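None of the values given here were measured: they were computed from a predicted structure. In each ligand, atom 1 is the first atom listed, and ligand 1 is the first ligand listed.
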Amino acid sequence: MARTLVVGNWKMHGSRQMVAESLAVLSAAAPDLAGVGVAVCPPFPYLQQAAALLAGGPVRLGAQNLAVEPSGAFTGEVSGPMLRDVGCHYVIVGHSERRALFGEDDRLVAQKFRAAHLAGLQPILCVGELLAQREAGDTERVIASQLDAVLALCGDQALADAVIAYEPVWAIGTGKVATPEQAQAVHRFIRQRVGRGDATPTILYGGSVKPDNAAGLFAQGDVDGGLIGGASLVPEQFLSICRAALS
Ligand code: PGA
C-alpha cells in the first residue's frame, strides 16, 4: 500500500542553529501528524545532530546523496553504510540537481539506488522531465527511461513498492508548480509502469510545493505526498504542507 509521506529536502542550506530550531518545532508538532510520514534531509554535516534531536520520535531522517561504493579510496564521498550508521532511514537519489549539475546519468542513479538498498536505506528515486521535453510531448518517454534504468540494474520488481518522487525540472525552485492534473497524469503513468500486483510505489510530487498549493496536489488519487525544497526551510510552511497531507 502506498504511504502518505512528506519529505523536506534542505539542499545546501542550514546551520547547527537552524537544525536545532527547525527540528524542535517539527518534533513538537509531530504528535498531530500521526497519519502522515514526515522526514527531513539536511546536509551531511548536520545528520548526526539531527539524528540525536529526532531520536525516539516519529520524524525520520534522510540524506540527499550517497556514494555507489560502501567504503574505500573515494575522497569526498559519503557511503550508504555511513548514512545508516548515523541514523538515516531515507536517501534521495537522482535529484535533478545531481543529474544536471554533477553529471549523474540514469545508470549512476540506478547504481546509487542499489547501493542504498544494500546499506539498508530507503531510496527516494527522483525522476522528471525538462521543460523542452514536456513541450515536445516527451514527458512519459523520459520518465520511462529513468525508471527503466533502475529496473534494468536492480530487477523488474525493484520499484514495485519504492518511494519515487516525480519532480518536473521546470517546477523546481521556480515557483511554477505543476497543476494537480499534470501531476496526477504522470503519477498514474509511473504507478502503472512499476507497480506489480498488490505492490504499489509511494509517489511524491516535488517542485514548488507551498502551503497554498499542497492540498490541491495531495487530493489527487495518485499523489501520495511531497518532496519539498524551499518551503521545508521554514518550519511553519513545512508543517502546513504536512497538515495538508493529513486531510
Ligand atoms: P522546491 O524544490 O520545492 O524548492 O521547488 C523541490 C526539490 O528540489 O526537491
Could you tell me whether a side-chain N or O of Arg114 sits under 3.5 Å from a main-chain N or O of Leu118, the two making a donor and an acceptor? no
Would you say ligand 1 has an N or O under 3.5 Å from any N or O of Lys210? no
Quick one: does Gly207 get within less than 4.0 Å of ligand 1, heavy atoms only? yes
Is the backbone N or O of Leu130 less than 3.5 Å from a side-chain atom of Gln133, with the two atoms forming a donor-acceptor pair by type? yes
Which bit of Ala171 gets closer than 4.0 Å to ligand 1, counting heavy atoms only: side chain, backbone, both or neither? backbone
Numbered in order shown, the ligand 1 atoms found under 4.0 Å of a heavy atom of Gly173 are 1 (P), 4 (O), 5 (O)
Once you restrict to heavy atoms under 4.0 Å, what part of Asn9 touches ligand 1? Side chain, backbone, both or neither. side chain
Chi angles and distances behind the salt bridge (charged side-chain N to carboxylate O under 4.0 Å, His left out) call for Arg141, Asp148: CA-CA 10 Å; Arg141 188 189 57 74; Asp148 289 354; over 6 Å; no
Has ligand 1 got any nitrogen or oxygen that is less than 3.5 angstrom from a nitrogen or oxygen of His95? yes
Less than 4.5 Å apart, side chain to side chain, heavy atoms only: is that true for Pro43 and Met12? no
Against ligand 1, does Gly206 come closer than 4.0 Å with any heavy atom? no
Just how far is it from atom CD1 of Ile92 to atom CG of Leu121, taken to the nearest 0.5 Å? 12.0 Å
N or O contact, Ile172 vs ligand 1, cut-off under 3.5 Å: no
If you count the atoms of ligand 1 from 1 in the order shown, which ones are under 4.0 Å from a heavy atom of Gly229? 1 (P), 2 (O), 3 (O), 4 (O), 6 (C)
If two hydrophobic side chains count as joined below 4.5 Å and joins carry through other members, does Val150 share a cluster with Ile190? yes
Which of the numbered atoms in ligand 1 are under 4.0 angstrom from any heavy atom belonging to Gly230? 1 (P), 3 (O), 4 (O)
Looking only at heavy atoms of Ala165, does any of them come nearer than 4.0 Å to an atom of ligand 1? no
Lys11 versus ligand 1: do any nitrogen or oxygen atoms come within less than 3.5 Å of each other? yes
Would you say Arg99 and Asp105 make side-chain contact, with heavy atoms under 4.5 Å? no
With salt bridge (charged side-chain N to carboxylate O under 4.0 Å, His left out) as the criterion, how do Glu140 and Arg193 come out once you've worked through the C-alpha distance, each side chain's angles and the decisive distance to 0.1 Å? CA-CA 10 Å; Glu140 290 191 352; Arg193 191 163 188 102; over 6 Å; no
List every atom of ligand 1 that sits less than 4.0 Å from any heavy atom of Glu167, numbering the atoms from 1 in the order shown and giving each element. 6 (C), 7 (C), 8 (O), 9 (O)
For ligand 1, is there an N or O atom under 3.5 Å from any N or O atom of Ala231? no
Are Arg196 and Asp156 close enough, and set up right, to give a salt bridge (charged side-chain N to carboxylate O under 4.0 Å, His left out), and what steps lead you there? CA-CA 9 Å; Arg196 300 281 183 268; Asp156 188 54; 2.9 Å; yes
